[in-house]
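In what follows, a structure is listed as C-alpha cells, so that the remarks can point back to it.
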Amino acid sequence: MLLRRAGPCSILVSMARRLTHALLLLQQLSYAHTLCEFQRLCERCGRVSPSSAEIAQSFRRMTECERRWARCREGLAAADMAALRVLRALDLQRLLESAHVRLGSWSDASSMDRMPASHLFEWVSHDCEKLELAQLEDAMSPAEAAIYVQSLDRLQG
C-alpha cells in the first residue's frame with residue numbers, strides 16, 4: 001500500500017476544518033451560556049420565569065457544549081489554539097460592533113421591567129460577548145495580539 005504524504009494544501013484544509021469546527025463549538029457554548037444567564041436574570045428580576053424544565057434543559061445544553069468543547073480542545077495543537085483565539089476575538093469584535101443595531105436606544109440605566117424579553121436577551125448576550133472578548137485578549141500572546149490588531153485594522157478599512 002502506497003501512502004501519500006500530506007501536502008501543504010491538505011494540511012491547510014485540515015486546519016481550516018478543525019478551526020471551523022472549534023469556532024462553531026465556541027458559538028454554541030456562548031449561546032448556551034447566554035441563555036442560562038438570561039433565564040437566571042429573568043428569574044431574579046421577577047419577570048416571567050422560565051420553568052424548571054426549561055432551566056434544566058438549558059443547563060444540560062450548556063454542560064454538553066462544555067464537554068464537546070473540552071474534547072475538541074484536547075485535539076488542538078498550540079498553533080490551532082493561537083489561531084482560534086484570534087479568530088474568535090475577531091468574531092466577537094464584529095458582534096460587538098453591531099450592538100447599536102441590536103440594542104437600539106436602550107442603556108444600562110433602562111429598567112428591565114419594561115424591556116422586551118428579546119431585548120433583554122440581546123443585552124445579556126452583549127455583556128457575555130464583552131466578557132469573552134476581554135478574556136481572549138488577555139490570553140493572547142504578543143504575536144497573537146499583533147495579528148489580531150492587524151486583522152482589525154484591515155477589517156475596519
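Quick caveat: nothing in here was measured; it's all calculated off a predicted structure.
For the pair F38 and V124, the tightest heavy-atom approach, listed with the atom from each and the gap, is N-CG1, 3.9 Å. The heavy-atom pair separating E97 from Q156 by the smallest distance is OE2-NE2, 2.9 Å.
Using a 4.5 Å cut-off between side-chain heavy atoms of Ile, Leu, Val, Met, Phe, Trp and Tyr, with links allowed through other members, L87 and V149 fall into different hydrophobic clusters. When hydrophobic clusters are built by joining Ile, Leu, Val, Met, Phe, Trp and Tyr residues whose side-chain heavy atoms come closer than 4.5 Å, directly or via intermediates, L131 is not grouped with L120. Follow the hydrophobic side-chain contacts under 4.5 Å out from L23 and you never reach I147; the two are in separate clusters. Using a 4.5 Å cut-off between side-chain heavy atoms of Ile, Leu, Val, Met, Phe, Trp and Tyr, with links allowed through other members, M81 and L136 fall into different hydrophobic clusters. In this structure, L84 is not a member of the same hydrophobic cluster as L90, with clusters built from ILVMFWY side-chain heavy atoms closer than 4.5 Å.
We find the NE2-NE2 distance between H119 and H126 to be 10.5 Å, quoted to the nearest 0.5 Å. Rounded to the nearest 0.5 Å, atoms SG (C128) and CG (L92) are 10.5 Å apart. Atom CG of L76 is separated from atom CG of L19 by 7.0 Å, given to the nearest 0.5 angstrom. The distance from the CZ atom of R73 to the CD atom of E66 is 9.5 Å, given to the nearest 0.5 Å.
Checked by atom type and distance alone, the side chain of E144 pairs as donor or acceptor with a backbone atom of S141 at under 3.5 Å. Proximity of a side-chain donor or acceptor of D153 to a complementary backbone N or O of Q150 within less than 3.5 Å is not detected.
Side-chain atoms of E43 and Q39, non-hydrogen and from C-beta on, never get closer than 4.5 Å to each other. Side-chain contact between T20 and R17 is absent, with no heavy-atom pair separated by less than 4.5 Å. Counting heavy atoms from C-beta outward, F121 and L35 have side chains that approach closer than 4.5 Å.
The number of heavy-atom neighbours closer than 6.0 Å to CD of Q57, taken from other residues, nucleotides and ligands shown, is 12 or below.
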- Given side-chain contact (heavy atoms from CB on, under 4.5 Å), test Y148 with S151 step by step and report yes or no. CA-CA 5 Å; Y148 174 59; S151 298; 5.7 Å; no
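A donor-acceptor pair shorter than 3.5 Å cannot be found between the side chains of S58 and E54.
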Pairs under 3.5 angstrom only: tabulate donor-acceptor contacts from the side chains of residues 24-33 to other protein residues two or more places apart or in another chain.
{"from": "Q27", "atom 1": "NE2", "to": "D91", "atom 2": "OD2", "distance (Å)": "3.1"}
{"from": "Q28", "atom 1": "OE1", "to": "R68", "atom 2": "NH2", "distance (Å)": "2.2"}

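Ion pairing between a basic and an acidic side chain is recognised when a charged N comes within 4.0 Å of a carboxylate O; R88 and E132 show such pairing.
Every residue meeting the salt bridge (Lys or Arg N to Asp or Glu O under 4.0 Å) condition with R67, not counting sequence neighbours, appears here in chain and number order: E64.
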